[in-house]
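What follows is a set of notes on a single structure, which appears directly below.
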Amino acid sequence: MILDDTTHPILCLTSAPGAYRLSEELLSVATVPQSGGIRKCSLKFKGWVLDQVIAQIVGDEEFVHVVGFEAGEVKRMFRDMPLGPGTRIPSYPLIEWGWYRDDCEQYVLDQLGVRWPKSACVQCPYAFSLAEGRDRTIPRYLANPHEALLGLTMEHLAVAMNPRQGLLAGQQLYDLIASDPDSGPLLDMFDRHLDRMPWAIYDVRRAMAAKPGDAMARGQTHRSLELLVEGSRADVLAHLDRAAYLLGRDVETDGRHHRVWLRTRNLYYPCVEHVLTAAPALAHDKTYRSFETAWLAGLNGPAQLSLSF
């Protein structure tokens, strides 16, 4: 293949979406990328894929792996250096040159005459971790509203299952977009998008262990997710209202999400929580193999000190 290195291309070959995308996995399990802990999405959909390609190209031979960390990312460099096979020789030219992002952008501008914006997945939590990233990303959402729908849908589904979720380290992308005075058309488009989708009532149970030696600290969490009934958005919300009436419960809503709590979590661990929730019918049934054991441990945990039915 010969690549045409020019600022005036005449042909654009866009890549196929791929056999299996990160967004598909996140939607199927009703969660969002996490900005803390083990970055499983990066390991599975970036690191592992790159390792397979490199292995096919170089085999057992030594190779130089050039990584584009900027001068302000020395900590990332030290974390990265010991990774990979023993045949990997990491190289960090931008750090060696003392180049920051501004230097790189200026170089591209000088060479090509264009300003190259920083890229990010539309559902990437790190794009919103700093004010600079938020100021850069929200206008791009407003200018390209269809790109925003994936992140908003993913977050809506995850928050329906667990109100503590959100693309902004527990806070919600929806609220950040809504704070912009020009967000009305985008949010109206998102609401119409939700209306067009099939919806479902999900039965969600969550069992939370205690960290060893600390009953006030949450340890590993196990979840069971089961789709109960499907229909239009209006039909599903009506089903949830009727279920709440028959169970003698109230429907909890913030205007966007609707839930019926059957059991809320305890102040101490291990404990459990159980909720019926309405959301787009995108997630699949999934119960971890060790869930029932964790659920029984939570049920038999410390006396409930929070509201429980």
Side-chain angles (χ1 to χ4, degrees), residues 27-32 152-167 170-175 178 190-191 194-195 197-210 215-216 218-288 290-309:
L27 288 169
S28 71
V29 296
T31 190
V32 291
L152 286 170
T153 301
M154 186 178 296
E155 179 184 75
H156 187 95
L157 180 63
V159 173
M161 307 299 165
N162 182 358
R164 296 170 178 83
Q165 289 273 20
L167 268 172
Q171 297 180 334
Q172 295 184 33
L173 172 62
Y174 185 99
D175 295 329
F190 176 54
D191 196 53
L194 292 178
D195 274 337
M197 302 177 74
W199 275 56
I201 294 178
Y202 296 91
D203 184 302
V204 184
R205 293 184 294 158
R206 194 172 283 106
M208 293 145 285
M216 291 288 289
R218 180 167 60 90
Q220 186 174 7
T221 297
H222 302 260
R223 189 188 69 176
S224 172
L225 178 66
E226 181 181 2
L227 190 154
L228 300 180
V229 62
E230 290 188 60
S232 68
R233 187 181 188 182
D235 288 343
V236 163
L237 293 179
H239 279 306
L240 190 66
D241 284 340
R242 178 162 177 77
Y245 172 77
L246 294 174
L247 293 167
R249 311 284 189 258
D250 293 324
V251 176
E252 175 190 272
T253 180
D254 57 8
R256 303 196 302 271
H257 305 92
H258 300 76
R259 309 179 189 88
V260 176
W261 287 99
L262 304 181
R263 183 183 293 271
T264 57
R265 68 175 60 184
N266 189 7
L267 178 63
Y268 295 104
Y269 301 97
C271 63
V272 299
E273 62 184 17
H274 189 184
V275 65
L276 301 178
T277 186
L282 298 171
H284 302 160
D285 289 3
K286 186 171 184 178
T287 300
Y288 290 94
S290 55
F291 173 77
E292 293 301 337
T293 299
W295 179 258
L296 291 175
L299 286 176
N300 296 322
Q304 298 289 304
L305 298 182
S306 63
L307 181 62
S308 180
F309 303 102

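Keep in mind the model is a prediction, meaning the values are calculated, not measured.
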Interatomic distance, W295 atom CH2 to R223 atom CZ [nearest 0.5 angstrom]: 13.0 Å
Derivation of the side chain to side chain donor-acceptor pair (under 3.5 Å) call for H222 and S290: CA-CA 8 Å; H222 302 260; S290 55; 3.1 Å; yes
Nearest-0.5 Å distance, CD of residue E155 to CG of residue D175: 7.5 Å
Validation row: R259, V204 side chains within 4.5 angstrom (heavy atoms): no
Closest contact, heavy atoms only, L262 versus L276: CD1-CG, 4.2 Å
From CG (L228) to CG (L240), nearest 0.5 Å: 10.0 Å
Criterion side-chain contact (heavy atoms from CB on, under 4.5 Å) on Q172 and Q165, from CA distance to verdict: CA-CA 8 Å; Q172 295 184 33; Q165 289 273 20; over 6 Å; no
Atom pair NE2/CG of H258 and D254 - distance to nearest 0.5 Å: 8.0 Å
Heavy-atom side-chain contact between H257 and T277 under 4.5 Å: no
Donor-acceptor under 3.5 Å (S224 side chain, R205 main chain): no
Between E226 and T287: side-chain donor-acceptor atoms closer than 3.5 Å: no
For L225 against A30, the heavy-atom pair lying closest together: CD2-CB, 4.5 Å
Residue pair M197 / L282, side-chain heavy-atom distance below 4.5 Å: yes
E292 atom CD, over 12 foreign heavy atoms within 6.0 Å: yes
Ring geometry between F190 and Y174 (parallel below 30°, tilted from 30 to 60°, perpendicular above 60°): tilted
Donor-acceptor contact present, side-chain Y202 to main-chain A160, <3.5 Å: no
Nearest non-hydrogen partners of P280 and L157, listed with the distance: O-CD1, 3.5 Å
Rounded distance [0.5 Å steps], CD in E273 versus CZ in R206: 5.0 Å
Heavy-atom pair of closest approach, residues A158 and T31: CB-CA, 3.7 Å
Taking every non-hydrogen atom, the tightest pair across Y269 and R265: OH-NH1, 3.8 Å
Pairwise side-chain contact, Y268 with M216, heavy-atom cut-off 4.5 Å (strictly under): yes
Spacing of R233 atom CZ and D191 atom CG [to the nearest 0.5 Å]: 4.5 Å
OH/Y288: more than 12 non-hydrogen atoms of other groups inside 6.0 Å: no
Stepwise side-chain contact (heavy atoms from CB on, under 4.5 Å) check, V32 with L173: CA-CA 11 Å; V32 291; L173 172 62; over 6 Å; no
L237 to A278 - nearest heavy-atom pair and separation: CD2-CB, 3.8 Å
side-chain contact (heavy atoms from CB on, under 4.5 Å) assessment of V272 paired with R263: CA-CA 7 Å; V272 299; R263 183 183 293 271; 3.1 Å; yes
